[in-house]
Participant: 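What follows is a structure written as structure tokens; I'll ask about it next.
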Amino acid sequence: MLGTECLPLDSAVDPVPTGSVDDPTVVLATISSDAHSWNLVVLQLLLEEAGHTVCNLGPCTPPADLIAACLDYTPALIVLSSVNGHGLLELPEVVRTLRRQPRLGGGILVAGGKLTTSGGLSATEIGSLRADGVDRVFTDGDTLASFSRFLRGVPVGGGQAAR
Amino acid sequence: MGPIAREERRWQTRMGFSDPSEMEAGLRAVSMSSVPTLGTITLDSFTRTNQHDLARQAVREGRRLNGYPLVALGAERTRELVDRVSGDGFPVQVRHGSARPYDIFEVMVAAGLTATEGGPVSYCLPYGRVPLRVSFAEWERSVRMLVAAVPGGGVHLESFGGCMLGQLCPPDLLIALTVLEGIFFRSLGARDVSLSYAQQTDDLQDREALRALRALAGEYLGDIDWHVVVYTYMGLFPTTPSGAMHLLADSAILTADAGCERMIVKTAAEAHRIPTVRENVEALQLADRAARVVGNVRSPVVDEGIYERALTLVTKTLEGGASPAEAMLRAFRSGRLDVPYCLHPDNANRCRSGVDDRGRLVWFDTGSMPIPAARGSRPTLTSSSLLDMLSFVRRRFDGQAAEAGGLTGVGQAPGEPSTGRMARGVSDAS
């Protein structure tokens with residue numbers, strides 16, 4: 001696997017019941033210029049509490065690593081979280097590339113965080129991300145509670161490792 | 001370009017605009033703020049991650065970046081704007097977050113800039129996937145180049161080790177990391193360095209930490225120029241203007257009382273967006289005023305062993321290798337140094353830390369580090385418990401702001417222990 005190093009959140013010290021990260025149902029990542037990681041740490045825990053097994057690609061995710069992980073695991077859910085204000089600059093390209101992959105599988109793709117330097121997104125900008133292939137955009141105004149509600153509608157399990 | 005900290009305490013902003021005329025205007029506004037200060041050029045995220053083509057493309061398309069694209073804009077353009085605003089009393093520091101800073105340092109020097117910050121550990125582990133060994137190799141190459149290019153010891157290097165992920169790291173490890181990076185810089189010929197410490201959850205703990213840091217700096221860097229820079233709280237910031245201002249004021253008072261020479265401010269906007277120039281200048285003025293008005297507070301001195309633990313981490317690390325770089329690499333590989341909640345593949349991530357019921361940062365588990373954990377029960381980590389710890393300071397200051405609204409003394413958010421951190425009398429200062 002090309003650099004698909006998943007980063008388990010210290011399950012040996014604080015056991016949270018999860019499946020093996022060999023067969024994750026969620027791929028969690030950010031854009032290549034975003035060095036923040038608290039959002040990824042919190043989201044991983046939230047996803048695991050909802051019953052998912054998470055492949056967390058960590059801060060400054062190289063697009064090639066994200067694509068390779070998605071093709072390897074065909075996860076039920078891809079979560080792209082970014083808070084450095086460059087989301088709108090980087091997401092369109094990486095999302096379009098993901099959507100062009102015929103072997104991506106039927107996973108849901110969501111993106112959220114602080115995606116512009118001013119924090120907010122216009123309706124046009126949200127529409128543009130949707131057109132690129134993001135199924136749901138969680139903007140600066142959305143809370144983790146709204147993301148948790150959304151997660152209730154996402155099937156746990158169903159990701160299959162590519163043969 | 002004068003030295004960063006001499007004679008008087010300086011307050012500093014972060015600031016980076018991708019439009020050079022905005023960058024120049026911002027620097028000028030700070031230089032005219034009538035507060036002892038210096039200029040900052042904060043670089044954008046594309047530049048930090050060596051994606052200079054993406055930075056160039058954004059500049060061509062007129063799209064706003066989250067900082068100044070130094071390499072894309074180049075030395076000449078940068079030198080022009082810096083020459084127009086800088087002078088002997090107004091040094092300019094380049095702030096970035098790059099694990100591989102050679103390109104940045106090269107352009108910086110060509111632009112006449114000689115002060116910067118970071119470090120092979122502090123700008124690698126928190127921020128991405130560059131292997132630690134690669135970061136050390138490039139930082140070594142970059143610092144040597146910088147030292148050679150600026151004659152007479154004029155280079156200034158600040159270690160970001162006192163911040164790391166910005167939250168939830170107990171002070172003993174932060175102190176050890178920033179001292180170790182200072183030792184690293186010194187071993188490569190740097191003669192003027194600064195060590196950092198980010199304000200944390202408890203004022204008395206922070207005061208003990210700064211005493212420990214200054215003691216260790218004196219012991220390990222006594223033959224070169226050094227000073228300490230405090231960062232206003234780097235975690236989730238209060239969302240109310242009043243809460244934000246009180247936290248900022250507290251950090252200024254802490255800096256002054258602890259005898260530290262420089263502080264990097266946060267603004268009232270911090271929780272919401274990148275601050276405007278005006279918000280930054282107001283933050284400088286508030287910090288300066290708070291330190292002047294309230295300074296010299298006699299707080300109780302607490303000794304909970306921070307110095308001893310930091311010293312153990314430093315000595316045990318240095319024992320492990322012939323050079324500071326090799327020693328630190330071995331320490332991280334074996335987990336003798338281990339940054340909590342840090343996802344980097346070269347970090348052991350076997351330790352666990354958090355905020356205890358007194359509001360202090362403690363170790364629940366020290367993994368393979370040669371220091372003891374705190375006694376007591378270890379809470380399970382959940383998304384809620386983590387968010388509670390991450391938002392601890394924000395909630396306390398926003399809660400106090402809602403209740404106190406004036407000079408009537410220390411307010412408390414419901415259920416939170418009082419730590420005596422609330423600033424007194426700042427809002428009435430003239």
Participant: Can you say whether B:Arg48 sits under 4.5 Å from chain A via the side chain, the backbone, both, or neither, judging by heavy atoms?
Facilitator: neither
Participant: Chain B heavy atoms under 4.5 Å from A:Ser32: which part of the residue, side chain, backbone, both or neither?
Facilitator: both
Participant: Taking the side chain as C-beta and beyond, is there a heavy-atom pair between B:Leu54 and A:Leu89 under 4.5 Å?
Facilitator: no
Participant: Are more than 12 heavy atoms from other residues, nucleotides or ligands located less than 6.0 Å from atom CZ of A:Arg130?
Facilitator: no
Participant: Which heavy atom of A:Leu88 sits nearest a heavy atom of B:Arg63, and at what distance?
Facilitator: O-NH2, 4.4 Å
Participant: Check whether any side-chain N or O of A:Trp38 sits under 3.5 Å from a backbone N or O of B:Leu390 as a donor-acceptor pair, and report yes or no.
Facilitator: no
Participant: Return the minimal non-hydrogen interatomic distance between A:Gly58 and B:Leu343, and the atom names on each side.
Facilitator: CA-CD1, 4.2 Å
Participant: Is it the side chain or the backbone of A:Leu144 that comes within 4.5 Å of chain B heavy atoms, both, or neither?
Facilitator: side chain
Participant: Compare all side-chain heavy atoms of A:Glu90 with those of B:Phe46 and state whether any distance is below 4.5 angstrom.
Facilitator: yes
Participant: Sub-3.5 Å donor-acceptor pair from the side chain of A:Glu49 to the main-chain atoms of B:Thr382, do we have one?
Facilitator: no
Participant: On a heavy-atom basis, which atom in A:Pro59 and which in B:Pro126 lie closest, and how many Å separate them?
Facilitator: CG-O, 4.0 Å
Participant: Identify the heavy atoms of A:Cys60 and B:Gly128 that sit nearest to each other, and give their distance.
Facilitator: CB-CA, 4.0 Å
Participant: Are side-chain heavy atoms of B:Arg129 and A:Asp65 found at a separation under 4.5 Å?
Facilitator: yes
Participant: Please flag which part of B:Gln57 lies under 4.5 Å from any non-hydrogen atom of chain A: side chain, backbone, both or neither.
Facilitator: neither
Participant: Given the options B:Asn50, B:Leu168, B:Asn66, B:Leu236, which has more heavy-atom pairs under 4.5 Å with chain A than any of the others?
Facilitator: B:Asn66
Participant: By a 4.5 Å heavy-atom criterion (distance strictly below it), what part of B:Thr49 contacts chain A: side chain, backbone, both, or neither?
Facilitator: side chain
Participant: Select, from A:Thr117, A:Thr61, A:Thr30, A:Leu40, the one with the greatest count of heavy-atom pairs under 4.5 Å involving chain B.
Facilitator: A:Thr117
Participant: Name the region of B:Ile274, side chain, backbone, both or neither, that has any atom closer than 4.5 Å to a heavy atom of chain A.
Facilitator: both
Participant: What distance separates B:Ser383 OG from A:Leu45 CG, expressed to the nearest 0.5 Å?
Facilitator: 6.0 Å
Participant: Of all heavy-atom pairs between B:His272 and A:Lys114, which one has the smallest distance, and what is that distance?
Facilitator: O-CE, 3.5 Å
Participant: Is atom CZ of B:Arg278 surrounded by more than 12 heavy atoms (other residues, nucleotides or ligands) closer than 6.0 Å?
Facilitator: no
Participant: Could you walk me through whether A:Asp34 and B:Ser45 pass side chain to side chain contact (heavy atoms under 4.5 Å, CB included), step by step?
Facilitator: CA-CA 7 Å; A:Asp34 193 339; B:Ser45 301; over 6 Å; no
